[in-house]
Amino acid sequence: YDIQGLETLEQTAAHVAAAREQPRCNFGNRHRCKDGSLREVEVFNQVLQRDGRTYFAAIWHDVTELKRANEVLAMERTRLRTLIDTIPDLIWLKAPDGTFLACNPAFERLIGLSEAAMVGRPDHEFFPPEVLDRFHASDVRALANNQPSITEEWVTFAGDGRRALLEVIKTPMRDAAGQVVGVLGIGRDVTATRESQLALRESERRQKLALET
């Protein structure tokens, strides 16, 4: 045989029973070719009645490469998600109308909710109007310029009430057709850096004052 099915008799019987119950059905299977290679196939079955007899018509579609491509894509998505989740910066993605599409754990700590609880809900449910106006202004600026926009925004973490200064980069996200699908935001906590800069400036001011005196 050029192709050898690897399913058990029980699996074959189950497929036949399913075909009898449904005029058309499909299922996945694995087959070994004559050269020893394994191929993933999708089988489409249809029951035919002719001259008082029942026939099973089947179309086998080789989906080996498609399945491998899907497995690679799933692995890449897992790696990307792991990377996003481990980055300490706040990362979020919103639709053009302000609806949250995704975020990482760092952003969850800002809002005090899980990603699942935020996705599909508008941003005005989580921020006061005065804060939201600034956020929307930077969103619009990024979309209008069609390039990353850098701003600084003060935020308050819902969990412990901590105030933090974020350096935020907002980038318009587009699909393969060039249509805007959202705004990607990445916020880095620069509070300590800014406080150090202010402390250094104050120290330099006092030293200058002392020398002049």
Side-chain angles (χ1 to χ4, degrees), residues 1-97 99-109 111 113-121 146 148 169-188:
Y1 297 96
D2 291 335
I3 300 177
Q4 176 187 6
L6 299 180
E7 64 182 10
T8 64
L9 291 177
E10 290 77 10
Q11 289 173 324
T12 301
H15 293 155
V16 171
R20 289 182 181 278
E21 294 177 359
Q22 305 176 42
R24 297 179 181 179
C25 67
N26 64 288
F27 57 89
N29 205 343
R30 300 178 71 198
H31 292 270
R32 188 183 302 279
C33 297
K34 191 174 183 178
D35 61 4
S37 62
L38 290 176
R39 309 298 294 180
E40 301 284 345
V41 298
E42 188 172 8
V43 182
F44 299 86
N45 272 346
Q46 183 173 2
V47 178
L48 302 177
Q49 300 291 338
R50 182 170 298 178
D51 299 329
R53 302 184 65 179
T54 301
Y55 298 89
F56 291 94
I59 299 176
W60 291 6
H61 180 55
D62 189 339
V63 295
T64 306
E65 300 307 323
L66 176 61
K67 188 170 183 178
R68 288 174 181 171
N70 287 336
E71 290 174 350
V72 171
L73 180 59
M75 183 178 297
E76 291 299 325
R77 285 177 173 173
T78 300
R79 289 175 178 173
L80 178 60
R81 185 70 209 197
T82 301
L83 176 63
I84 291 175
D85 287 348
T86 53
I87 290 177
D89 294 342
L90 287 72
I91 301 177
W92 66 94
L93 178 63
K94 292 192 299 183
D97 63 358
T99 301
F100 280 105
L101 302 176
C103 71
N104 70 340
F107 191 81
E108 290 178 337
R109 289 190 287 273
I111 306 299
L113 293 173
S114 67
E115 179 185 32
M118 283 184 280
V119 169
R121 297 169 62 182
N146 194 28
I169 301 177
K170 291 187 176 178
T171 305
M173 300 293 291
R174 299 179 181 273
D175 59 17
Q179 298 297 316
V180 175
V181 296
V183 177
L184 174 68
I186 302 176
R188 173 163 296 180

**Item:** Non-neighbouring partners of Glu108 that pass side chain to side chain donor-acceptor pair (under 3.5 Å), sequence neighbours left out
**Value:** none
**Request:** Would you confirm whether Thr86, through its side chain, and Thr82, through its main-chain N or O, come within 3.5 Å as a donor-acceptor pair?
**Result:** yes
**Complete:** Rounded to the nearest 0.5 Å, the CG atom of Leu101 sits from the CE atom of Met173 at a distance of 10.0 Å
**Request:** Any chance you could measure Phe100, atom CZ, to Arg121, atom CZ, to the nearest 0.5 Å?
**Result:** 10.0 Å
**Minimum heavy-atom distance between Trp92 and Leu184, given as atom pair plus value** = O-CD1, 3.4 Å
**Asked** Between the side chain of Asn104 and the main-chain N/O of Asp89, is any donor-acceptor distance below 3.5 Å?
**Response** yes
**Request:** Determine the minimum heavy-atom distance between Ala117 and Leu113, stating which atoms define it.
**Result:** CB-CB, 4.2 Å
**Message:** I'd like to check Glu115 versus Val119 (side-chain heavy atoms, cut-off strictly below 4.5 Å). Are they in contact?
**Reply:** yes
**Fill in**
To the nearest 0.5 Å, atom CD1 of Ile84 lies from atom CG of Leu93 at 9.5 Å
**Prompt:** Would you say Leu66 has more than 12 foreign heavy atoms packed within less than 6.0 Å of its CG?
**Reply:** yes
**Prompt:** Counting N and O atoms only, with roles assigned by atom type, does the side chain of Thr99 sit under 3.5 Å from a partner on the main chain of Ala95, one being a donor and the other an acceptor?
**Reply:** no
**Request:** Report the distance from atom OG1 of Thr64 to atom CZ of Arg30, rounding to the nearest 0.5 Å.
**Result:** 9.5 Å
**Prompt:** What heavy-atom pair brings Pro148 and Pro172 nearest, and what distance separates the two atoms?
**Reply:** N-CD, 4.4 Å
**Request:** Starting from the C-alpha separation in whole Å, work towards a yes-or-no answer on side-chain contact (heavy atoms from CB on, under 4.5 Å) for Val72 and Arg68.
**Result:** CA-CA 6 Å; Val72 171; Arg68 288 174 181 171; 5.5 Å; no
**Asked** Which residue pairs satisfy the salt bridge (Lys or Arg N to Asp or Glu O under 4.0 Å) criterion with at least one member in residues 42-63, sequence neighbours excluded?
**Response** Arg39-Asp62
**Request:** Decide, yes or no, whether a salt bridge links Glu76 with Arg79 under the criterion of side-chain N to carboxylate O below 4.0 Å.
**Result:** yes
**Message:** Would you compute the distance between atom CD1 of Ile186 and atom CG of Leu90 and round it to the nearest 0.5 angstrom?
**Reply:** 10.5 Å
**Message:** Once rounded to the nearest 0.5 Å, what's the spacing between atom CG of Asn146 and atom OG1 of Thr171?
**Reply:** 10.5 Å
**Prompt:** Got Ile111 and Met118 here, is their nearest side-chain heavy-atom distance under 4.5 Å?
**Reply:** yes
**Asked** Where do Ala106 and Pro88 come nearest, in terms of heavy atoms and distance?
**Response** CB-O, 3.5 Å
